[in-house]
Structures are given as C-alpha cells and as structure tokens.
Amino acid sequence: MSFLIFQGTLVHAESASQPLKILHNHIIGVNKNKIVFIEPEGRLRELSQQHGFQLEDVQVMEGQFLIPGFVDTHIHAPQYVYTGTAMNLQLLEWLNKYTFPTEAKFANLEFAADAYRKVVHRTLKNGTTTACYFATIHKEASLKLAEIVAHFGQRAFVGKVNMDANSPEYYVETTEQSFKDTEWFIKQVQCLNNPLVTPIITPRFAVSCTVTLMKKLANLAELYGLPIQTHISENKDEISLVKELFPECSSYADVYQSCGLVTKKSVFAHSIYLDDKEIEVIKHHGSAVSHCPCSNFMLRNGILDLRKLWDKGIKLGLGTDVSGGYSPSMLSSIRQSVIATNVHKMQQGAAYNSIDYKELFYLATLGGSQVLGLEDRIGNFVVGKEFDALLVNPKAAGSPFDVFNSSFSDSIEDIVQKFLFLGDDRNIQEVYVSGRKVIPTTLDSNSFF
Ligand SMILES: [Zn+2]
C-alpha cells in the first residue's frame, strides 16, 4: 500500500501568528511522499472510497499525536563525537583546544563514517527530520556524510567547511584547494541525485577565510544556486578580531556583504551582537538567522534577543549547534530558548514581550523550513507538502513525564507542552521523512559502509 493514514490528533504551526494549532479528531492521508488530504474523521469512509484505501489500514493514534519533524538549522556533524564535554572555554580557545584537533581527525574516512552514522542516527531518533550540517574541510569525508544522510533517509544540507586563514597548520587549506574541493564536493553530492540532500556553501566564519576565498565561494553559490551558511557575531572577542582582520569593512555583516555572501539563501548562526544596521543588511537580503541558545549559554557567548529579530521580520529558526550546544535534541533548543527569552524579560522588564513555547515550536518546525527555503515542501501539515512527521507517544515505555487522566485531567495542549518541556526520544515513536518511515529503523548505526 502506498498510502499512510493516521487518525487522531495533529499538532502543527499554521503561521507565525498561529504558531501551535491542534486539530482534534482528524485524519491525514499520505500518498507516496506527499500529504493528500487532512480532513475531520467523520469523512473517513468517504475518503477511503475516494482514495481506494481500506479502513483497517488506518493507524489510529490513541493518546498519541503527530507533529511536523524538527528542523535543526545549525549543527556541526563532526563535533558530535565530543558532545557533552569540553564546556569550560570561551569560543576562540574552545575552537583551538577541542574543535580543530577533533575535526582534523576526519581526514580518516573510517573515523568519519563511524561518527557520521552515529550523528545522523541520533538526530533522527530525536526527531530532526531536516538538518543543516557543517562537516569538515575534508571533501571525501564531507561526501561520506551526504551519503550516510541519504542512506538513513534524513533531509539535509551538507557543507564542506572552508578555512584558508588564521587556522592551525594541521587544519587549513590553500585558497585554491578550498575552492576546487568545494566544487568537487558540490558535483559529487548532486550526483547522488537525492532530492533530500543538498550541498551548502560553508565558509566557517570570517576569521578563518580570506576575502578572495569568500568571494569565490559566493560565486559558486550563485553558479550552482546554492544556499550559504556561516557564523556571525557570536562572541565579543570574535567580533573584535573580525574588526582587526577586515578594517576596510564597517561591520561583521559588511564583511560578508562585501564578499557577496549575504543572499536570500544565507543562514547566519548566532547573530547575538548585530547592530541595527547589520540587522537591516540581513533583512534587506532576505537572509535568515539560526538561534542556538544552548551553545550560547555553554560557551558563555551571550544571549540573543530573539524577540527583537522576530519583530524586525527576520527569518528565524532554531539550531542545536552541536557541540557548542551539548544536546543533539531540538527539544533542548526549545527549552534553552525559553530560558534565553526569560533572561531578556528579567533584564528588560515587564514590557518585554518574551517568546512563548508555542512560538518556539513554530521556529523549530515551520520557521526552520523558511530559514532553509523549504516552506513550500515541509514545516507543517498542508495538502501537497511532503510528509515529515513525528508520531509522539506521551505514554511510551520509560516516558520521562506522566499524563493524568483522572480528576486533574491533562488537556491535549497540556500534554503537548509536557512533551516539549519534559519529553525525549523515548516519546518519539516513529519518524517520517518525505513519507518514508526512518525511525524505528533496521539500519544499524554501527555496521554499514
Ligand atoms: Zn556553529
């Protein structure tokens, strides 16, 4: 049967102003990879005749509900190997002491394949149906990540990282090699011919790239019609260094703008200290920002004023920023975002309009899809969109929270909220990407490739 049909509760974001909508007693039908109907369950019989499916094929969700898959707009796949460790330093020291030595090991393809299998499997288990990955400077290992993503069935943007300046001698490229390897990588990923996997241009950050390389990368992005991802304005020392390295530019955003890297397909991670002019630059070009609060707290970089960017109309999504962020779960990003916005509320006073959990649910799903230019394909449950979804079971074995059905009965809204604040991968019973069930999987994260 090519049909998937679920009956019960659907929870999704309709829009920024309707960020968490609950559809009770509905049925959703998926044919191959696309949603073909979403209707009240009273129409079930009629729909079965119309679409030719049997009533016994309907998966009835008793006490469970469907949400769209999470979109992680910023994650470093190689850093997964030391996630949950090395939280004692600030950004620039952290990069030199932990990150670069680890990423350099990805020259070894076997090591890379093992790490990448594990991170793809782990993020899928945690409900990340779309990930925007940084890999390393190594073209073969970066391609391996793309292949593993394709094999496990995740939707992803995969970037071979570019670094031709201010980097350790054991982990740096020449400008020419960086450019050539990137073009090779783009062509190889395109040869995979997988509509779920897209190469993304990935200059690490302005500090580790020359102007020449950044301009060449901008040309590549234009030539191949590709998105771009990088970091911006994450840490005060980093910002001072960028000022020192690029005295001809008026700001950090201006460095990227002058190189042609600020486009409507660009994703800028962090953006904590952008001034109003820089925010205007991002907005003017239609670029997006990935908010990574777990990482911002752990590396003690600062706290983004998410509401300010929201009110300015910047495209926004959430990221785990593994492993500056210690958790590969987008649920953690949602929770840390609540803490971040609460800090702003405490600092700025009662008039400050903090971001609520419903808006964060929107950012983790539909907002993320907009950041990556995928809003016409995924992000919520709309007829014609691809089916990227999580079947959430609040009463799963070992669930880290309890549901009350007695006199203090939980509403479905309470249960969704409990899942967002207390749930984990044990509650994520099934994961679908483009209509394919990818969790549970028979693929072993230890033993293929
Ligand atoms: Zn990052």
Side-chain angles (χ1 to χ4, degrees), residues 71-87 89-103 106 115-116 119 123 128 130-137 142 145 156-163 166-167 171 200-209 227-239 241-242 252-253 256 261 266-274 282 287-304 306 316-330 332-333 336-337 340 368 371-372:
V71 181
D72 186 345
T73 56
H74 186 75
I75 173 167
H76 297 260
Q79 295 177 19
Y80 178 64
V81 297
Y82 67 100
T83 312
T85 70
M87 291 292 167
L89 296 176
Q90 284 250 345
L91 177 67
L92 298 177
E93 299 102 311
W94 177 83
L95 285 171
N96 282 311
K97 182 158 181 196
Y98 301 115
T99 305
F100 297 152
T102 304
E103 290 193 8
F106 283 71
Y116 287 156
V119 68
T123 52
T128 298
T130 300
C132 195
Y133 287 118
F134 278 59
T136 61
I137 64 172
S142 302
L145 173 57
F157 293 77
V158 179
K160 178 218 139 347
V161 170
N162 302 97
M163 297 164 67
N166 306 306
S167 304
Y171 191 51
I200 181 166
I201 299 294
T202 307
R204 176 168 221 116
F205 66 152
V207 172
S208 58
C209 295
I228 296 165
Q229 62 178 347
T230 189
H231 300 87
I232 194 170
S233 208
E234 178 178 3
N235 170 287
K236 287 182 177 169
D237 291 342
E238 169 216 15
I239 295 166
L241 189 52
V242 168
Y252 201 154
Y256 290 140
L261 289 169
S266 302
V267 183
F268 293 101
H270 305 300
S271 311
I272 299 170
Y273 299 103
L274 294 180
I282 303 266
S287 304
V289 165
S290 173
H291 175 42
C292 307
C294 189
S295 166
N296 298 336
F297 281 125
M298 289 305 109
L299 300 178
R300 298 173 293 283
N301 286 324
I303 307 171
L304 175 70
L306 193 57
L316 294 171
L318 303 183
T320 57
D321 196 18
V322 158
S323 70
Y326 58 75
S327 170
S329 166
M330 287 293 288
S332 265
S333 292
Q336 300 280 338
S337 296
V371 164
L372 301 176

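It should be emphasised that the depicted structure is a prediction, and the values quoted were computed from it without experimental measurement. Residues: numbered from 1 along the sequence shown. Ligands are counted one by one from 1 in listed order, and the atoms in each one are counted from 1 as well.
- Here Asp321 reaches the Zn ion (ligand 1): one of its N/O/S atoms is less than 2.8 Å from the metal.
- Aromatic ring orientation, Tyr171 versus Phe100: tilted (interplanar angle from 30° to 60°).
- Among the atoms of His270, no N, O or S atom is found under 2.8 Å from the Zn ion (ligand 1).
- For the residue pair Ser290/Thr73, the side-chain donor-acceptor check at 3.5 Å is satisfied.
- Between Tyr116 and Tyr133, the distance separating the two ring centers is not shorter than 6.0 angstrom.
- Angle NE2(His76) to the Zn ion (ligand 1) to NE2(His231), rounded to 10°: 90°.
- Using bins of under 30°, 30° to 60° and over 60° for the plane-to-plane angle, the ring pair His270/His74 lands in the perpendicular bin.
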